[in-house]
2 protein chains.
Amino acid sequence: METRMTNQKLKIMEHLQKVRTHPTAEMVYHIVSKDLPAISLATVYRNLNLLAEQGKILRLEINGEYHYDGFCDSHQHLVCTNCGKIMDLGQKEISNYAMKKIKSSDFELKSVRIIFYGVCKNCKEK
Amino acid sequence: METRMTNQKLKIMEHLQKVRTHPTAEMVYHIVSKDLPAISLATVYRNLNLLAEQGKILRLEINGEYHYDGFCDSHQHLVCTNCGKIMDLGQKEISNYAMKKIKSSDFELKSVRIIFYGVCKNCKEK
DNA sequence: ATTCATGCAAAGGGTTTGCAGGAAA
DNA sequence: TTTCCTGCAAACCCTTTGCATGAAT
């Protein structure tokens, strides 16, 4: 299930591995366009989906759109319900605990997604 | 933040409290239409959003669309990556553990959402 | 009587897809 | 050379919105 390497895919991958934000396809497109002015948004979408299927990046469903995350190690997300900001949380024990608890024979467990909702520091101060 | 009671809102609420599935707006519309043939999809959306804002139902983002859940007590979801089926999981300890672990002063924590991904029994057998 | 919710239809926004040309293997 | 990927534009789908009517308080 390996796919052909292209400049577009490479730049997209590199960008996601560089930042610790959780950009949408549009945001990735905007950034990668600086290096590859001719790239199209459709290509960005196709590559993001491809990479996600291959398990090389994560695709998160937050605030009604997809956000992509270049880091696949076990972590969680914090989402501000006021400004929409997404932050990382590195508490492996939480995910581990959850995964261990679910030992159902009826369900072949693959992964967990844990999202915390609340109000971020910035929004709280206002 | 109470809103006016209408027949439409009532039937939507009642339906969600009756089933343990996680219908989309479209599905709710389809069911509620049997009782209220004149109801519109827009009304269903408006009421579902209203109820979710008021904390009376949950709005889940799964498989690229919103699913609604009439049960707000602490629970988790299982999602089959093959057929898209959503199931409930009632392991309060998992959510409790997660919430307890996050005691950040920088973030005013409100809730957790925990989703397990994998392959359901039905899909596994094929 | 006033305010708010509804139905309808149209618009919106994010994501996917068909196709012909072009790049990777 | 063959296969796969790309760019472009159009299509898609879910969700939201504006407006005039009708229902709830």
Side-chain angles (χ1 to χ4, degrees), chain A residues 1-16 21-54 56-69 79 81 83-86, chain B residues 1-16 21-54 56-69 79 81 83-86:
Chain A
M1 195 240 214
E2 266 309 297
T3 51
R4 194 169 284 183
M5 181 50 65
T6 65
N7 238 305
Q8 292 88 333
K9 190 185 293 177
L10 188 66
K11 295 289 183 194
I12 290 169
M13 193 69 211
E14 281 178 357
H15 176 61
L16 285 179
T21 55
H22 307 79
T24 60
E26 193 79 46
M27 293 167 180
V28 172
Y29 171 65
H30 182 244
I31 297 292
V32 174
S33 289
K34 291 177 184 168
D35 274 40
L36 305 170
I39 197 173
S40 85
L41 183 54
T43 297
V44 173
Y45 270 107
R46 276 187 287 234
N47 278 309
L48 289 170
N49 286 345
L50 221 56
L51 292 166
E53 280 167 26
Q54 298 173 351
K56 292 176 181 166
I57 65 174
L58 298 180
R59 185 168 84 161
L60 313 170
E61 306 189 51
I62 296 174
N63 299 329
E65 59 192 346
Y66 291 123
H67 290 257
Y68 301 88
D69 187 333
V79 176
T81 52
C83 68
K85 191 178 173 191
I86 304 172
Chain B
M1 196 240 215
E2 266 310 296
T3 51
R4 192 168 287 182
M5 181 50 65
T6 65
N7 239 304
Q8 292 88 334
K9 190 184 293 176
L10 188 64
K11 294 289 182 192
I12 291 169
M13 195 67 211
E14 282 179 357
H15 175 62
L16 284 178
T21 54
H22 307 79
T24 60
E26 193 80 44
M27 294 167 179
V28 173
Y29 171 65
H30 182 244
I31 297 292
V32 175
S33 289
K34 292 177 184 168
D35 274 42
L36 305 170
I39 197 174
S40 86
L41 183 55
T43 297
V44 173
Y45 271 107
R46 276 187 288 234
N47 277 309
L48 288 170
N49 286 345
L50 221 56
L51 293 166
E53 279 167 27
Q54 298 173 350
K56 293 176 180 165
I57 65 173
L58 297 181
R59 185 167 84 161
L60 313 170
E61 305 190 51
I62 296 174
N63 299 330
E65 58 192 346
Y66 291 122
H67 291 256
Y68 301 87
D69 187 334
V79 176
T81 51
C83 68
K85 192 178 172 192
I86 304 172

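Chain A is the first sequence line, chain B the second, and so forth, proteins listed ahead of strands; every chain is numbered from 1.
In this structure, the CG atom of B:N63 is 17 Å from the C1' atom of D:dC12, given to the nearest Å. Here the C1' atom of nucleotide C:dG14 and the OH atom of A:Y29 are 15 Å apart, to the nearest Å. Taking atom CG of residue A:L60 and atom C1' of nucleotide C:dT15, one finds them 16 Å apart after rounding to whole Å. At whole-Å resolution of the value, CZ in A:R4 and P in D:dT3 are 10 Å apart. Per the geometry, CG belonging to A:N49 stands 13 Å off P belonging to D:dC5, to the nearest Å. Atoms OH (A:Y66) and P (C:dG13) sit 19 Å apart, rounded to a whole Å. Computed from coordinates, the B:Q8 CD to D:dT21 P distance equals 18 Å when rounded to whole Å. The CD atom of A:Q54 sits 9 Å away from the P atom of D:dC5 (whole-angstrom rounding).
Taking every heavy atom of both residues into account, B:Y29 and B:L41 meet most closely at CE1-N, 3.5 Å. The minimum heavy-atom distance between B:H22 and B:H67, with the atom names listed, is O-ND1, 2.7 Å. The two residues B:R59 and B:A52 have their closest heavy-atom pair at CB-CB, 4.2 Å.
Looking at heavy-atom distances under 4.0 Å, B:N7 makes no contact with the nucleic acid at all. Among the atoms of the strands shown, none is found under 4.0 Å from any heavy atom of B:E26.
Of the charged side-chain nitrogens involved, at least one lies within less than 4.0 Å of a carboxylate oxygen, so that B:K56 and B:E2 count as a salt-bridged pair.
Remark on DNA chain C: of its neighbouring residues B:T6 and A:G64, the 5'-side contact belongs to B:T6, judged by nearest-heavy-atom nucleotide. The residue among A:I39 and B:Y45 whose nearest nucleotide of DNA chain D lies closer to the 5′ end is A:I39. Heavy-atom distances to DNA chain D give each of A:T3 and B:E65 a nearest nucleotide, and the one nearer the 5′ end belongs to A:T3.
When the nucleotides C:dT16, C:dG7, D:dT16 are ranked by their closest atom to the side chain of A:R59, C:dT16 comes out on top. Taking the side chain of A:S40 as heavy atoms from C-beta on, and the options D:dG7, C:dG7, D:dT15, the nearest nucleotide is D:dG7. Checking D:dT15, C:dT15, D:dT6 against every side-chain atom of A:N47, the shortest atom distance belongs to D:dT6. Residue B:R46 places its side chain closer to C:dC8 than to any other of C:dT15, C:dC8, D:dG7. Set against C:dT6, D:dT15, C:dT17, the side chain of A:A42 has C:dT17 as its closest nucleotide.
To the nearest 0.5 Å, the span separating CG on B:D69 from CG on B:L16 amounts to 8.0 Å.
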